[in-house]
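What follows is a single structure, written as structure tokens, with notes after it.
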Protein chains: 2
Amino acid sequence: MKIERLSAKAEDYLETILRLSETPRGARTGDIAEALDVQPSTVSAALKSLKDQGLLDYSPYGAVGLTPKGRQVAEDVSGRHVALRRFFTETLGLAQEDAEVTACGMEHDVTPLVLDRMALLGDFLRNHPGMAEKWSAVRATAKGERAPGVESGLHELPQGVRGVVMAVDVDGSLRKRLVEMGVTPGVLIAVERVAPLGDPIAVEVRGYRLSMRKAEASKIRVKWRPGLI
Amino acid sequence: MKIERLSAKAEDYLETILRLSETPRGARTGDIAEALDVQPSTVSAALKSLKDQGLLDYSPYGAVGLTPKGRQVAEDVSGRHVALRRFFTETLGLAQEDAEVTACGMEHDVTPLVLDRMALLGDFLRNHPGMAEKWSAVRATAKGERAPGVESGLHELPQGVRGVVMAVDVDGSLRKRLVEMGVTPGVLIAVERVAPLGDPIAVEVRGYRLSMRKAEASKIRVKWRPGLI
DNA sequence: TCGAATTGTTGGAGACTTCAAACAATATCA
DNA sequence: TGATATTGTTTGAAGTCTCCAACAATTCGA
Ligand SMILES: [Mn+2]
Ligand SMILES: [Mn+2]
Ligand SMILES: [Mn+2]
Ligand SMILES: [Mn+2]
């Protein structure tokens, strides 16, 4: 069995033919040309070549159909396309059209392992309570859009996002120290930098930079603010 | 200013030349050929073409160097390559070599927006305490490898991963109900299905399927078990 | 320094993808 | 049904990417 990798173009022709085959009109030369933004004469040449490779049933002026082998390739390509598009829209939050174009470009090189991991990551985010919302808020914030009113410990405030201090849930000397540093309800706060090992973190408040341990930061409740710093 | 998109191959030549330029040996025809797995004569042809496009400084038998314009393209391609590789290794947990090959294939179609979102997602996971570890455990589990000994509420147990019940942190009638259903420390448990809106969730214990609310599930501490269900 | 080994280029060719123009088949409608 | 409009193919040509074989330049040892 030959495992000659088909070219990206050949894969696109098969994918398009599969999609059009499922419409009442069937796959017609002109429609394929339109879908792939090439001239009909180019499609004619492609059809002949794909037929010679045993991927299409086709005779001039006749209907275009996939052979079992061609269908298998087409469904494989289509599966990669759909999996990528899903990752781009549902996990990365891209617009349908951006996702569509990029997916169709990358589908020819992506490996099954990468697709598996992307799907796994998407499920992971969606299955963790609160995570999907926070991730969505991070995206919105990065885009400069209004972030939903997410609240979290300061240690969870993404870098580049400002927060408003809502409460400082500690007592004793630590509270006193934080208050002295100006960490009081209502003040704007941001995470400047996270040390490579994650602890301590640098925080900016009232124009000053403070350093605190992650455990301390987690005691400070903040509300995320729209817009980047 | 022409914004003719360069072909994927042309981008690969420029990227390779940039990389080799930074070595003491410089970019030599043979080395480029070796790096791209083509014959030296193919490289000669490519060099001439790239020179004609104003991307290379080069004369036959002479040293190969990038023009400012060529360097700009090369650094852009290289940036996309590195960003993708980083996402594949650090976020998706792929092996270096898989990441390398796939990145070099996809780098020619990926858009800046997609790269931004991938980086944002990676930072998001790493900046959330405990998330990176859990995600890493999910990946290991999916691969059938030993998962680190992650513990969480049952509501956070990924679908497809088994857990061992460690404790049922409730009292009263709910506790009684759970014990009657067989949810006791030491028993194997798994999340079967999460309803579209996340609540309730279907759980499998001792061969039976139970349904419970997410709030209830969160009271059941589980330790993740290696291997898929 | 000079001959041999290494390295790089040229020339010729084929596969692939595309187009425009000319031509052929099919579909539509009067 | 026959003329016309639409659709699809063929032909000829170009650009890209690749190879092999032959040739040319450069480098390296003796
Ligand atoms: Mn495609
Ligand atoms: Mn596609
Ligand atoms: Mn590449
Ligand atoms: Mn690359």
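As a basis for the values below, the full set of heavy atoms in this structure was taken, side chains included, without hydrogen atoms, waters or symmetry mates. In the text below, chain A, chain B and the rest are named by the order of the sequence lines, each starting its count at 1.
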Shortest non-hydrogen contact from A:Arg85 to A:Ala99? CG-CB, 3.9 Å
Heavy atoms only: give me the nearest A:Leu120-B:Ala142 pair and the separation to one decimal. CD2-CB, 3.6 Å
Checking the side chain of A:Thr67 only, and the main-chain atoms of A:Gly54 only, is there a donor and an acceptor separated by less than 3.5 Å? yes
Set of residues satisfying ring-ring contact (aromatic ring centres under 6.0 Å, His included) with respect to B:Phe124, sequence neighbours excluded: A:Trp135, B:His128
Going 5' to 3' through nucleotides 6-20 of chain C, assign each nucleotide B (protein heavy atom under 4.0 Å from a base atom), S (under 4.0 Å only from sugar-phosphate atoms) or - (no protein heavy atom that close). -SBBB------SBBB
Going by atom types only, do B:Asp109 and A:His108 share a side-chain donor-acceptor pair under 3.5 Å? no
Are A:Ser7 and A:Glu11 close enough that a side-chain donor and a side-chain acceptor fall under 3.5 Å? no
With respect to A:Tyr13, which candidate in A:Leu18, A:Val43, A:Leu56 satisfies the side-chain contact (heavy atoms from CB on, under 4.5 Å) definition? A:Val43
So where does chain B start and stop touching DNA chain D, 5' to 3', when the test is distance under 4.0 Å to a non-hydrogen atom? D:dC17 to D:dA25
